[in-house]
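Here is the structure we will look at.
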Amino acid sequence: MHRRLIPSGALATASLMLAIPASAASYSPGAPGIGDPYYPAYGNGGYDVSHYDLRLKYQPATDELEGTATLLATTTQDLSRFDLDFLLDVSEVRVNGSRATFTTSGEHELEITPRTPLAKGAAVTVVVRYSGVPSSKQAYGFTSWHRTPDGGVGANEPEAAWWWFPSNDHPLDKATYDVSVLVPDGSQTISNGTLQSTSSRLGWTRWNWRSNKPQATYLATLAVGKFDVTTGTTESGIPVVNAYSKDLGDNYGAARASIERTGEVADWLAEYFGPYPFNALGGYVPNTNTGYALETQTRPFYSPRQFANGTNVSVVVHELAHQWYGDEVSLAGWKDIWVNEGFARYAQWLWSEHEGEGTAQELADYVYAVHPADDPFWTVKPGDPGPENQFHLAVYDRGALALQALRNEIGEADFFAILKGWPTKFAYGNASVADFRAYAEQVSGESLGALFDTWLFQASKPAAPAAARASVAPVMPKSWKEIAATNSVHEQGHLASGPHK
């Protein structure tokens with residue numbers, strides 16, 4: 001090692017230079033959107049969140065929510081200012097312990113200017129104190145907060161977080177969560193993950209939930225109300241927590257008879273998709289007037305209407321399939337919705353096979369036959385449906401047809417190897433339709449461009465596969481009504497409150 005003598009004056013000059021931050025010109029605001037063409041204002045640029053700590057107090061009688069959100073993030077550029085997606089009233093923001101100035105803009109942007117600009121690659125702690133009545137807030141003319149007779153629920157897609165916590169609201173920025181909620185004694189709180197503890201004092205009970213695997217913001221959920229809660233364990237050892245609103249009325253029995261099969265269904269799905277990817281499982285049914293179900297991570301949300309005609313295990317299959325396809329592997333952009341919904345629908349077809357109520361091929365033949373060539377169904381392209389058709393019937397059913405076509409093209413062994421391998425390859429990350437095609441080609445060794453283009457990207461009815469031509473008038477499979485009921489309530493529920501741009 002060589003040592004060189006540095007004159008004292010030069011050392012002083014070097015020290016002074018180190019103390020001067022880079023030119024302010026190198027710092028710029030983070031983008032107000034993460035770059036999703038379907039929803040340009042959703043998410044934000046300039047940082048990546050790794051953890052949300054949400055400490056909340058909620059009054060069911062008045063729908064008043066108070067909160068302190070602590071976000072742990074890393075900057076991805078030199079930041080002079082950054083945005084969070086949020087709707088409630090903010091009283092204070094701190095960045096790295098110092099008060100920051102803030103304002104609002106657009107429909108749901110909270111603009112934060114830290115006291116000191118943030119260098120690229122810096123670890124940042126953001127604390128936001130806030131309050132408000134979630135049900136009184138709207139953006140783009142809708143709300144994702146569902147008021148119930150005994151509380152409230154945050155659950156929707158593609159957005160729900162704005163109504164109860166500030167976030168970088170896009171699936172590209174997944175994080176872990178601690179959700180701690182104080183509610184009056186007698187009320188319960190349901191959220192994602194595992195219940196870490198409860199404690200009561202002076203008429204209030206605090207519920208502490210934790211999600212220890214990366215979770216997209218729209219998959220975070222909060223429900224407060226009065227529930228009957230059941231607990232158990234799957235054969236594979238995963239703890240199960242299910243919750244049913246006490247005032248579901250005539251739908252109570254059917255809801256419980258369906259959702260109590262969650263552990264069984266998850267273990268069955270693991271045979272196709274690989275080991276269950278999280279350390280908690282369950283589902284909940286609050287007394288909402290919505291029509292849809294949602295794959296909120298580890299604990300899907302179901303509306304009572306799902307069970308208005310009796311038990312529906314098929315909808316449980318659908319939402320649990322999303323735990324692998326949508327939750328463990330999340331879409332890269334909202335145009336990639338097929339890698340969520342096409343696969344969850346196909347899981348229902350596999351369940352139909354399992355139950356002896358119609359094979360996937362019989363279901364594919366039936367779907368193909370009941371939609372004539374001039375049906376607008378065929379004008380929707382599941383591989384890029386557009387925001388107005390993101391939850392269209394075709395994304396589900398034509399999306400599942402694409403998978404049956406793939407199964408027929410590459411054979412059983414490769415097809416099921418792909419179904420199981422995909423969640424492992426992109427575990428806890430994000431992926432696109434193009435990524436899936438590349439993976440399918442890698443596993444099968446076949447060029448699949450024409451097949452994917454035909455079934456996912458053409459606005460016309462594909463020529464009938466040989467298997468479909470062999471059956472001129474397919475008989476309705478026994479499972480069809482249950483699957484179709486799932487489809488209609490899911491689609492209508494999403495479209496009633498979204499998608500929004």
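Here, residue 1 is the first one in the sequence, and each next residue gets the next number. Side chains included, hydrogens not; waters and symmetry mates left out as well; all remaining heavy atoms used.
The neighbour count for K381 NZ, taken as heavy atoms of other residues, nucleotides or ligands under 6.0 Å away, does not exceed 12. The environment of K120 atom NZ is sparse: at most 12 non-hydrogen atoms of other residues, nucleotides or ligands sit within 6.0 angstrom.
Side chain of D336 to backbone of V433: a donor-acceptor contact under 3.5 angstrom is found. A donor-acceptor contact shorter than 3.5 Å links the side chain of E319 to the backbone of E295. Panel note: side chain Y428, backbone P277; a donor-acceptor pair is recorded below 3.5 Å. Counting only distance, with no hydrogens or angles, the side chain of D83 and the backbone of E109 share no donor-acceptor pair below 3.5 Å. Of the possible donor and acceptor atoms, none in the side chain of K335 sits under 3.5 Å from a partner among the backbone N and O of Y38. Checking side-chain atoms of S352 against main-chain N and O of G358 turns up a donor-acceptor pair under 3.5 Å.
The salt bridge (Lys or Arg N to Asp or Glu O under 4.0 Å) search around K137 returns D89, not counting sequence neighbours. The salt bridge (Lys or Arg N to Asp or Glu O under 4.0 Å) test applied to D397 returns R345, not counting sequence neighbours. A search for ring pair (Phe, Tyr, Trp, His ring centres under 6.0 Å) contacts involving F273 returns W324, Y325, not counting sequence neighbours. Shown here are the salt bridge (Lys or Arg N to Asp or Glu O under 4.0 Å) partners of E111, two or more places apart in sequence or in another chain: R81. Residues that satisfy the side chain to side chain contact (heavy atoms under 4.5 Å, CB included) test with N309, not counting sequence neighbours, are absent from this structure. Partners of F416 under the side chain to side chain contact (heavy atoms under 4.5 Å, CB included) rule, at least two apart in sequence or in another chain, are Y272, L350, R407, E412, L419. Partners of D178 according to the salt bridge (Lys or Arg N to Asp or Glu O under 4.0 Å) rule, which considers only residues two or more places apart in sequence or in another chain, are R210. Contacts of A31 classified as side chain to side chain contact (heavy atoms under 4.5 Å, CB included), with partners at least two apart in sequence or in another chain: none.
Among residue pairs with one or both ends in residues 268-287, none qualify as salt bridge (Lys or Arg N to Asp or Glu O under 4.0 Å); sequence neighbours excluded. For residues 439-454, every residue pair satisfying the salt bridge (Lys or Arg N to Asp or Glu O under 4.0 Å) rule, not counting sequence neighbours, is listed here: R437-E441. Every pair tested for salt bridge (Lys or Arg N to Asp or Glu O under 4.0 Å) that includes a residue from residues 43-55 fails, sequence neighbours excluded, so the list is empty. Listed by first and then second residue, the salt bridge (Lys or Arg N to Asp or Glu O under 4.0 Å) pairs involving residues 122-134 are E92-R129 (not counting sequence neighbours).
Residues Y140 and H108 bring their aromatic ring centres within 6.0 Å. Between F301 and Y292, a ring centre-to-centre spacing shorter than 6.0 Å is recorded. Between Y42 and Y218, a ring centre-to-centre spacing not shorter than 6.0 Å is recorded.
Pairing each heavy atom of F391 with each of I337, the nearest pair is CE2-CD1, 4.0 Å. A pairwise comparison of heavy atoms in W162 and A139 identifies CZ3-CB, 3.7 Å as the closest pair. Looking at every heavy atom in both residues, R398 comes nearest to S460 through NH2-O, 3.5 Å. Nearest approach of F82 to V126, heavy atoms of both residues: CZ-CG2, 3.8 Å. Residues G291 and S303 approach most closely at C-OG, 3.5 Å, considering heavy atoms.
For the pair K213 and F278, the cation-pi criterion (under 6.0 Å, within 45° of the ring axis) is not fulfilled.
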_Stepwise side-chain hydrogen bond (donor to acceptor under 3.5 Å, both in side chains) test for N156 and S144_ = CA-CA 6 Å; N156 200 6; S144 290; 2.8 Å; yes
*asked:* Show, in sequence, the C-alpha distance, side-chain angles and deciding distance for T176 and N212, and conclude whether the side-chain hydrogen bond (donor to acceptor under 3.5 Å, both in side chains) test is met.
replied: CA-CA 5 Å; T176 54; N212 71 342; over 6 Å; no
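A tilted orientation is assigned to the rings of F142 and W163, their planes being inclined by 30° to 60°. Ring pair F165/Y52 is perpendicular by interplanar angle, where above 60° counts as perpendicular and below 30° as parallel. The aromatic rings of H371 and W378 sit perpendicular to each other, their planes meeting at more than 60°, with 30° as the lower class boundary. The aromatic rings of H322 and H318 stand perpendicular to each other, their planes meeting at an angle above 60°, with 30° marking the opposite boundary.
For the atom pair W207 CH2 and I190 CD1, the distance stands at 6.5 Å (nearest 0.5 Å).
The shortest distance between side-chain heavy atoms of W480 and V367 falls below 4.5 Å.
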